[in-house]
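Data block below; observations after.
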Number of protein chains: 2
Amino acid sequence: MVSSDAIVLAFDTAGYRLTEPRRALARLIAAHDGHFTAEELLAASTRERLGVGRATVFRSLDILIDIGLVERLDLPTGEHAFVACEPSHHHHVVCSNCGRSTDAGDSGIAAVLDEVARRTGYRIESHRLELFGLCPSCQAARSRRT
Amino acid sequence: MVSSDAIVLAFDTAGYRLTEPRRALARLIAAHDGHFTAEELLAASTRERLGVGRATVFRSLDILIDIGLVERLDLPTGEHAFVACEPSHHHHVVCSNCGRSTDAGDSGIAAVLDEVARRTGYRIESHRLELFGLCPSCQAARSRRT
DNA sequence: ATTTTTGCAAACCTTTTGCATGGAA
DNA sequence: TTCCATGCAAAAGGTTTGCAAAAAT
């Protein structure tokens, strides 16, 4: 969970101005505990009459991705979505039912990268790992229903 | 490397009709050894005057993804691209310089999935791993130039 | 003869851009 | 007061859809 303040602070630290639209988006993003699309963010801002324009949503997301506070996801459907995250490691498990996401830590991925480099001769520069599945509470809900 | 014939055969096996546009696309896809976008495929078909329409390109790619002969990639830039692949394992290393792709095998990913499931409690249903880096020949080319 | 597939063009959806205005430093 | 950021609306991409014609079975 990333706090609204952390996002605002990150804008500041990175040398961006603290504007009302950015504060508003920080709040909206922090309020989400799962992934969200740009459109959803825009819709939320419209719903609460925050008056943040479409372009600003995209521009802010770009900045946040740059800063490392938001990560872009590509859902299995091909849709683009985003999740807020701590600016360091980089893997999430996303619940395919409720959309909530959880940090997956390293879990041995570094070793996989080394192994792939060894086998293929490629010099690995970047990677993306996206995991989808049922979170514990959706599993429970599902078995309750059966 | 996937052959044109293998693709045509796969259409047949899966119960789709063997049409001229599909044969043509099979040839074009097999001719690519790196990743390609839908637009590039369309451009290639136009260039060779194969008269395959845009819609058919997208429709055929959808089918091939379904069958498992083509995989959708999301490049670090956010662009959608595709690669032909054997219909089983599922990881590629893509050269960030020339676009060529190579099979990365399993390399311990199954173990990572187990570890993530154990740590997070999620029941992992699917995952996507995309690796980007310099292929051996681009590495060589680069060091030659310095 | 029947059913699938196709090409075309238009519709759609998402993201980006240009530019004058407004706000932060 | 200077420069960055915003909103708007239009443009640009990329993908999908409706439909009548053409091709495969």
Side-chain angles (χ1 to χ4, degrees), chain A residues 7-29 35-67 69-82, chain B residues 7-29 35-67 70-83:
Chain A
I7 299 175
V8 172
L9 185 63
F11 269 120
D12 193 25
T13 306
Y16 293 96
R17 295 185 176 176
L18 266 42
T19 66
E20 211 30 66
R22 284 177 184 158
R23 292 176 198 278
L25 289 175
R27 249 178 285 125
L28 292 177
I29 290 173
H35 55 84
F36 52 88
T37 64
E39 206 52 39
E40 285 164 359
L41 206 53
L42 178 61
S45 111
T46 306
R47 197 179 323 119
E48 305 188 16
R49 284 177 233 297
L50 302 174
V52 178
R54 193 193 318 286
T56 300
V57 168
F58 282 98
R59 289 190 277 234
S60 300
L61 283 173
D62 280 349
I63 292 173
L64 290 171
I65 289 170
D66 229 57
I67 299 178
L69 269 156
V70 164
E71 184 172 349
R72 188 194 302 272
L73 289 183
D74 292 285
L75 306 186
T77 61
E79 265 183 309
H80 285 164
F82 305 87
Chain B
I7 299 176
V8 172
L9 185 62
F11 268 121
D12 194 23
T13 305
Y16 292 95
R17 293 186 177 175
L18 266 42
T19 66
E20 211 29 68
R22 285 178 182 158
R23 291 174 197 280
L25 288 174
R27 249 178 284 124
L28 292 176
I29 290 173
H35 55 83
F36 53 88
T37 63
E39 207 51 40
E40 284 165 359
L41 206 54
L42 178 61
S45 111
T46 306
R47 197 179 323 118
E48 303 186 19
R49 286 178 233 296
L50 302 175
V52 177
R54 192 196 317 287
T56 300
V57 168
F58 282 97
R59 289 190 276 231
S60 300
L61 283 172
D62 281 348
I63 292 172
L64 290 171
I65 288 170
D66 231 55
I67 300 180
V70 163
E71 183 171 351
R72 188 195 302 273
L73 288 183
D74 292 285
L75 305 185
T77 61
E79 263 183 309
H80 284 165
F82 305 86
V83 279

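For the side-chain contact (heavy atoms from CB on, under 4.5 Å) test, residues two or more places apart in sequence or in another chain that qualify with B/Thr13 are B/Leu9. Shown here are the side-chain contact (heavy atoms from CB on, under 4.5 Å) partners of B/Ala55, two or more places apart in sequence or in another chain: B/Arg59. Under the side-chain contact (heavy atoms from CB on, under 4.5 Å) criterion, A/Arg23 pairs with A/Val8, A/Leu18, A/Glu20, A/Arg27, sequence neighbours left out. For A/Phe36, the ring pair (Phe, Tyr, Trp, His ring centres under 6.0 Å) criterion is met by A/His32, not counting sequence neighbours. Here A/His35 pairs with nothing under the ring pair (Phe, Tyr, Trp, His ring centres under 6.0 Å) rule; sequence neighbours left out.
Across A/Leu25 and A/Ser60, no two heavy atoms sit closer than the pair CD1-OG, 3.4 Å. A pairwise comparison of heavy atoms in B/Arg17 and B/Arg22 identifies O-NH1, 2.9 Å as the closest pair. Nearest heavy-atom pair across A/His80 and A/Thr37 is O-CG2, 3.6 Å. For B/Leu61 against B/Ala38, the heavy-atom pair with the smallest separation is CD1-CB, 4.0 Å. Shown here for B/Val52 and B/Ala24, the closest heavy-atom pair between the two residues is CG2-CB, 4.3 Å.
Annotation: the span from A/Thr46 atom OG1 to A/Leu41 atom CG amounts to 9.5 Å, rounded to 0.5 Å. Interatomic distance, CD1 of A/Ile63 versus CG of A/Asp66, reported as 8.0 Å (0.5 Å rounding).
Within the structure, the salt bridge (Lys or Arg N to Asp or Glu O under 4.0 Å) test picks out the following pairs touching residues 40-57 of chain B (sequence neighbours left out): B/Glu39-B/Arg54.
Between B/Leu28 and B/Leu50, the closest side-chain pair of non-hydrogen atoms falls below 4.5 Å. Within the 4.5 Å cutoff, the side chain of A/Thr19 has no heavy atoms near those of the A/Thr56 side chain. Side-chain contact between A/Leu69 and A/Ile29 is absent, with no heavy atoms from C-beta onward closer than 4.5 Å.
Close approach of DNA chain C to chain B, defined as any atom under 4.0 Å from a non-hydrogen atom of the protein, starts and stops at C/dT3 to C/dC8.
Within the helix from C/dA1-D/dT25 to C/dA25-D/dT1, the inter-axis angle between the opening and closing five-pair segments is 40°, rounded to 10°.
Following rounding to the nearest Å, B/Arg22 (CZ) and D/dA23 (P) show an atom-to-atom distance of 15 Å.
For the contact set between residues 10-19 of chain B and DNA chain C, defined by any heavy atom under 4.0 Å, the members are B/Tyr16, B/Arg17, B/Thr19. Of the residues in residues 40-57 of chain A, A/Arg54, A/Ala55 come within less than 4.0 Å of DNA chain C through at least one heavy atom, sorted by number. For the segment residues 59-67 of chain B, residues with any heavy atom less than 4.0 angstrom from an atom of DNA chain D are, sorted by number, B/Arg59.
A donor-acceptor contact shorter than 3.5 Å is absent between the side chain of A/Arg72 and the backbone of A/Ile65.
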Contact list (N/O, under 3.5 angstrom) for nucleotides 11-14 of chain D vs protein:
none

